[in-house]
Amino acid sequence: MPDADEADDDEEMPLSLRLSIADTLTLGNATCGFMAVYFTTTGILIPHLTGSQESGMARHSAATAVILMLCAAVFDLFDGLVARKLRSSPMGAELDNLSDLVSFGLAPAYFVLVYGMVADDAHQRVAAVGAIVVLLAVVLRLARFSCVTVKDGTFQGMPSPFGALTIVSIVLLELPFVATVLAILGTAWLMVSRVEYPKPRGPLAVAMLSWIVLAMGLLAAWAFDAPSGQLLLQTGCALQLVMGAVIPLFATARRVNNFRGNRREARAAQP
């Protein structure tokens with residue numbers, strides 16, 4: 001009977017006491033994603049709709065929204081590390097997917113939608129289609145992640161945090177509208193592709209965290225109109241796009257080399 005009593009106590013335990021440290025970090029991820037939507041709405045969309053000409057406010061809000069997405073990526077990075085070192089609750093995987101959908105699906109898609117409404121050369125309906133494609137790409141990617149097993153140490157398709165940061169970088173670069181939409185659609189395709197991306201572990205996790213901190217600094221410099229702040233931001237966004245394009249090329253080249261190596265070994269093994 002003591003075992004039954006303990007089971008009843010576990011079932012009646014409040015939700016907050018059943019959450020692990022990793023789960024708390026995951027909820028921080030979702031909170032950052034929601035606040036990114038909030039700042040995009042109150043600082044960019046509403047001033048545009050009401051005819052406000054305060055460009056500085058829009059710049060600060062855009063930077064804040066993107067910094068919050070970067071913070072969400074930090075939470076997403078550390079909740080996985082903490083879950084492997086300590087433990088995660090049975091809800092951990094579901095919480096992670098739902099939080100990623102908010103921060104790296106809804107938030108960047110909404111950022112693209114608002115861009116289509118406020119940019120001078122943008123077409124709102126085309127931008128809305130691009131935003132829907134981004135959201136659906138993240139939904140499909142997260143669903144596939146939950147039911148498809150890949151080899152350890154890799155992701156299949158561009159990870160959603162990396163994809164979200166690439167998409168907002170494309171918007172912040174202020175390229176011509178057609179080029180912006182095509183780059184956004186290309187990023188969405190990479191997220192649902194079968195291209196392998198390495199998981200951020202060890203030195204790669206440190207490099208990713210360092211890049212996020214640097215990106216936050218570039219955004220802050222741009223938001224507060226620091227000397228050469230615009231140039232620094234564009235340089236950082238361009239580097240993000242270069243990484244988004246180069247990593248698939250390296251992954252493809254590695255797969256081709258592995259395939260050729262396996263064929264050579266098979267031929268050498270034949271009598």
Side-chain angles (χ1 to χ4, degrees), residues 29-75 99-138 160-161 163-185 187-188 212 215-226 228-238 240-241:
N29 171 6
T31 302
C32 288
F34 174 78
M35 292 305 296
V37 172
Y38 169 79
F39 278 101
T40 303
T41 302
T42 59
I44 303 176
L45 180 58
I46 292 178
H48 173 75
L49 295 177
T50 56
S52 175
Q53 300 298 321
E54 297 183 16
S55 59
M57 178 182 178
R59 186 168 62 247
H60 292 167
S61 298
T64 302
V66 179
I67 286 174
L68 284 165
M69 291 185 218
L70 289 166
C71 291
V74 173
F75 279 118
S99 298
D100 286 355
L101 179 59
V102 174
S103 298
F104 311 125
L106 176 62
Y110 186 70
F111 198 80
V112 171
L113 179 65
V114 172
Y115 155 74
M117 299 177 69
V118 303
D120 294 333
D121 65 337
H123 300 276
Q124 182 175 337
R125 293 182 179 179
V126 177
V129 172
I132 292 172
V133 171
V134 169
L135 180 63
L136 294 181
V138 175
S160 52
L165 299 181
T166 302
I167 287 168
V168 297
S169 296
I170 293 168
V171 174
L172 292 175
L173 268 177
E174 298 181 351
L175 299 170
F177 179 72
V178 174
T180 298
V181 172
L182 291 177
I184 288 172
L185 295 178
T187 304
I212 290 174
M216 289 182 180
L218 295 176
L219 284 162
W222 172 67
F224 291 101
D225 203 16
S228 302
Q230 181 72 24
L231 178 61
L232 290 172
L233 178 72
Q234 290 179 344
T235 302
C237 292
Q240 178 72 31
L241 264 66

Q. Which atoms form the tightest heavy-atom contact between A188 and A137, and what is the distance?
A. O-CB, 3.6 Å
Q: List the atom of P47, the atom of T41, and the distance in Å for their closest heavy-atom pair.
A: CD-O, 4.2 Å
(Q) Just to verify, what does F177 make a side chain to side chain contact (heavy atoms under 4.5 Å, CB included) with, not counting sequence neighbours? (A) Y115, D121, A122, H123, V126, A127, V181
Q. Quick one: are L70 and V74 in side-chain contact, heavy atoms under 4.5 Å?
A. no
Q) When rounded to the nearest 0.5 angstrom, what is the spacing between CG in L173 and OG1 in T180? A) 8.0 Å
Q. Roughly how far apart are I212 CD1 and C71 SG, rounded to 0.5 Å?
A. 9.0 Å
Q: Using a 4.5 Å cut-off on heavy atoms from C-beta on, say whether the side chain of L101 contacts that of L106.
A: no
Q.
With rounding to the nearest 0.5 angstrom, report the CG to CZ distance, L68 to F75.
A. 10.0 Å
Q. Which atom names give the shortest non-hydrogen contact between A223 and R59, and what distance separates them?
A. O-NE, 3.5 Å
Q.
Rounded at 0.5 Å granularity, tell me how far CE in M35 sits from OG1 in T42.
A. 8.0 Å
Q: Only one of L219, L172, V171, L165 passes side-chain contact (heavy atoms from CB on, under 4.5 Å) with C237; say which it is.
A: L172
Q. If you look at every heavy atom in G163 and T187, which pair is closest and at what distance?
A. O-CG2, 3.8 Å
Q: Measure the shortest side-chain to side-chain distance between L113 and I132 over non-hydrogen atoms and say whether it is less than 4.5 angstrom.
A: no
Q | Smallest separation among heavy atoms of V102 and A30, with atom names | A | CG1-O, 3.8 Å
Q: Can you measure from CD1 (I184) to OG (S169) and round to the nearest 0.5 angstrom?
A: 11.0 Å
Q: Not counting sequence neighbours, which residues clear side chain to side chain contact (heavy atoms under 4.5 Å, CB included) with A164? List them please.
A: F104, P108
**Q.** Spacing of CD belonging to Q230 relative to OG1 belonging to T235, to within rounding of 0.5 Å
**A.** 10.0 Å
Q) Yes or no on side chain to side chain contact (heavy atoms under 4.5 Å, CB included) for T40 and L45, after CA distance, side-chain angles and deciding distance? A) CA-CA 7 Å; T40 303; L45 180 58; 5.9 Å; no
Q. For M69 and A36, which heavy atoms make the closest approach, and how far apart are they?
A. CG-CB, 4.0 Å
Q: Could you check if a side-chain atom of H48 sits within less than 4.5 angstrom of a side-chain atom of I44, using non-hydrogen atoms only?
A: no
**Q.** Close side-chain approach of D100 to V138, heavy-atom, < 4.5 Å
**A.** no
